[in-house]
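Computation of the quantities below employed the complete heavy-atom set of this structure, encompassing side-chain atoms and omitting hydrogens, waters and symmetry-equivalent molecules. One is the number of the first residue; the rest follow in order along the sequence.
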Amino acid sequence: MRKIFKADIFSLYDQRQPSEDVIPTGNQVIEIYTTPNDSENKSHMGLVNHTVVTHFILLGIPNADGLQTILFITFLAFYLCTLLGNLTIFSAILANPRLHTPMYFFLCNLSLLDIGISSNSIPKYLTILWDQSRVISLDGCMSQVFFGHLLGSTECLLYTVMAYDRYVAICHPLRYLLIMNRRVCALLVAGTWITSSFHATILTSLTFMLPYCGSNVVDYFFCDIFLVVKLACADTYIIETVTLTNIGLVPMTCFLLILASYIRIIYSVLNMNSAEGWRKAASTCASHLVVVTLFFSPCALIYTQSQRSKVLMIAVQIFDNVVTPILNPAIYTLRNKEVKAALKKLRGGLMPAH
């Protein structure tokens, strides 16, 4: 669900259907099956090719001809920074026992999710930009759809769990470690992954149970349900309805729960008589509020538009998959003194002694 908010992204590339007696060539890999009574069908109805798509062709970002070198350098830089930033935070937290607390346990999971979200689509797009290898197998496309929704949904649910953690820390500080013990934290994180796996499995299964027997051209740089389903040669009403319901219900529920948590937090903060309490509460919630805003704002921007712009959709997709995964570690590093101290300690431990 960084893959979770992709409904109605944009219309697909309009590909002509193969004409009579012509088998698609080039990178479009299609197996041709004909009926036993093919000659009879020709005499009465004309030739009808029954095709089965075994591969898809990813065209890349629309209207980006001539920008391949710039896009390759930009995407590669963002991807490497995402890996470096998130792995550094993950290592720093693991290496520092003082950070073995619920909040940083959730932050480690967020770092892994950001790495997964970037790795789901960017490496393949870099391959497309580098050597024009646009073919992706049916299994590869299925994998991108599944992990896109698994990771996106898990991230959305994890933000909700992190909001609950902040609520307990501020509203019930004396019972915080009792409530948010290791078992509870492990169950909460496991619940986000298990719930998201059901979500992703249902959507992926419904998507690829459909027959694909026509065009296999996807006018984007990765596979996603709303880009792939319209290529099916069957009624897609059920899958589109289920997908829209799922990807709308999950984030909306999470947003309402996060909102409820922060309403309760604000109420508790307003009742504090200490300026120090106000400062600690703001420091505790600031980073989470920023990343939640970055997560939900693009979706709100899209769904509040009366006419959805194709350019806006592309920009939001790139922001979700490329920019946000690198911003999360930067936000938590810049706003958190404990993380900064852990990073300094990790850097000092890695430097050779003189």
Side-chain angles (χ1 to χ4, degrees), residues 1-5 86 89 93 99-114 117 150-196 199 246-272 277-301 320 324-325 327-336 338-339:
M1 224 165 22
R2 294 175 189 227
K3 325 338 178 178
I4 292 195
F5 299 109
N86 285 286
I89 285 187
I93 292 174
L99 299 184
H100 293 179
T101 62
M103 184 176 77
Y104 295 109
F105 173 65
F106 298 137
L107 182 56
C108 280
N109 280 270
L110 181 61
S111 294
L112 294 177
L113 285 171
D114 285 334
I117 288 168
L150 171 67
L151 298 170
S153 177
T154 302
E155 185 169 24
C156 187
L157 293 171
L158 184 62
Y159 284 138
T160 308
V161 170
M162 294 172 76
Y164 174 72
D165 173 69
R166 297 300 83 208
Y167 157 74
V168 176
I170 294 174
C171 299
H172 304 283
L174 299 180
R175 295 194 298 152
Y176 175 67
L177 293 179
L178 180 63
I179 296 174
M180 300 299 294
N181 56 62
R182 289 189 176 184
R183 181 174 178 273
V184 170
C185 291
L187 288 174
L188 287 172
V189 170
T192 64
W193 284 96
I194 293 172
T195 302
S196 299
H199 166 81
N246 277 2
I247 67 175
L249 183 62
V250 172
M252 181 58 67
T253 302
C254 292
F255 176 76
L256 292 177
L257 291 173
I258 292 172
L259 183 63
S261 296
Y262 275 100
I263 289 175
R264 186 66 181 87
I265 288 172
I266 292 172
Y267 178 77
S268 297
V269 170
L270 292 176
N271 289 332
M272 292 180 181
W278 283 44
R279 188 191 64 80
K280 286 185 177 180
S283 176
T284 299
C285 298
S287 298
H288 181 257
L289 276 173
V290 172
V291 296
V292 166
T293 301
L294 289 174
F295 186 82
F296 285 101
S297 293
C299 179
L301 181 64
D320 284 343
T324 301
L327 288 179
N328 286 345
I331 291 167
Y332 276 99
T333 302
L334 295 174
R335 297 287 306 178
N336 196 303
E338 292 178 319
V339 174

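- For the atom pair Ile117 CD1 and Leu150 CG, the distance stands at 9.5 Å (nearest 0.5 Å).
- When all heavy atoms of Cys156 and Val250 are compared, the pair lying nearest together is SG-O, 4.3 Å.
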Donor-acceptor pairs under 3.5 angstrom involving side-chain atoms of residues 180-190: please list them, not counting sequence neighbours.
from, atom 1, to, atom 2, distance (Å)
Asn181, OD1, Arg183, N, 3.1
Asn181, OD1, Val184, N, 2.9
Asn181, ND2, Leu178, O, 3.0

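- Every side chain to side chain contact (heavy atoms under 4.5 Å, CB included) that Leu294 has, sequence neighbours left out, goes to Val290, Phe319, Leu327, Ile331.
- A 4.5 Å side-chain heavy-atom check between Asp165 and Val168 finds every atom pair outside the cut-off.
- Residues Thr324 and Phe295 are not in side-chain contact: their nearest non-hydrogen atoms beyond the backbone lie 4.5 Å or more apart.
- Between the side chain of His100 and the main chain of Ile93, a donor-acceptor pair closer than 3.5 Å is present.
- One N or O on the side chain of Asn86 and one on the backbone of Pro325 form a donor-acceptor pair closer than 3.5 Å.
- Contacts of Thr160 classified as side-chain hydrogen bond (donor to acceptor under 3.5 Å, both in side chains), with partners at least two apart in sequence or in another chain: none.
- Ile265 approaches Cys171 most closely through the heavy-atom pair CA-SG, 4.2 Å.
- Considering only residues two or more places apart in sequence or on other chains, His172 meets the side-chain hydrogen bond (donor to acceptor under 3.5 Å, both in side chains) condition with Tyr167.
- To the nearest 0.5 angstrom, Arg166 atom CZ is 5.0 Å from Tyr176 atom OH.
- Annotation for Tyr104 and Leu99: closest pair CB-O, 3.0 Å, computed over non-hydrogen atoms.
- Between Leu157 and Trp193, every side-chain heavy-atom pair lies at or beyond the 4.5 Å cut-off.
- Of the possible polar contacts, one joining the Ser196 side chain to the Thr154 backbone as a donor-acceptor pair under 3.5 Å is found.
- Partners of Ile266 according to the side chain to side chain contact (heavy atoms under 4.5 Å, CB included) rule, which considers only residues two or more places apart in sequence or in another chain, are Leu270.
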Could you give the side-chain donor-acceptor pairs of residues 255-264 under 3.5 Å, partners two or more places apart or in another chain?
from, atom 1, to, atom 2, distance (Å)
Ser261, OG, Leu257, O, 3.0
Tyr262, OH, His288, ND1, 2.6
Arg264, NH1, Ser268, OG, 2.8

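- The two residues Phe106 and Leu158 come nearest to each other via the heavy atoms O-CD2, 3.7 Å.
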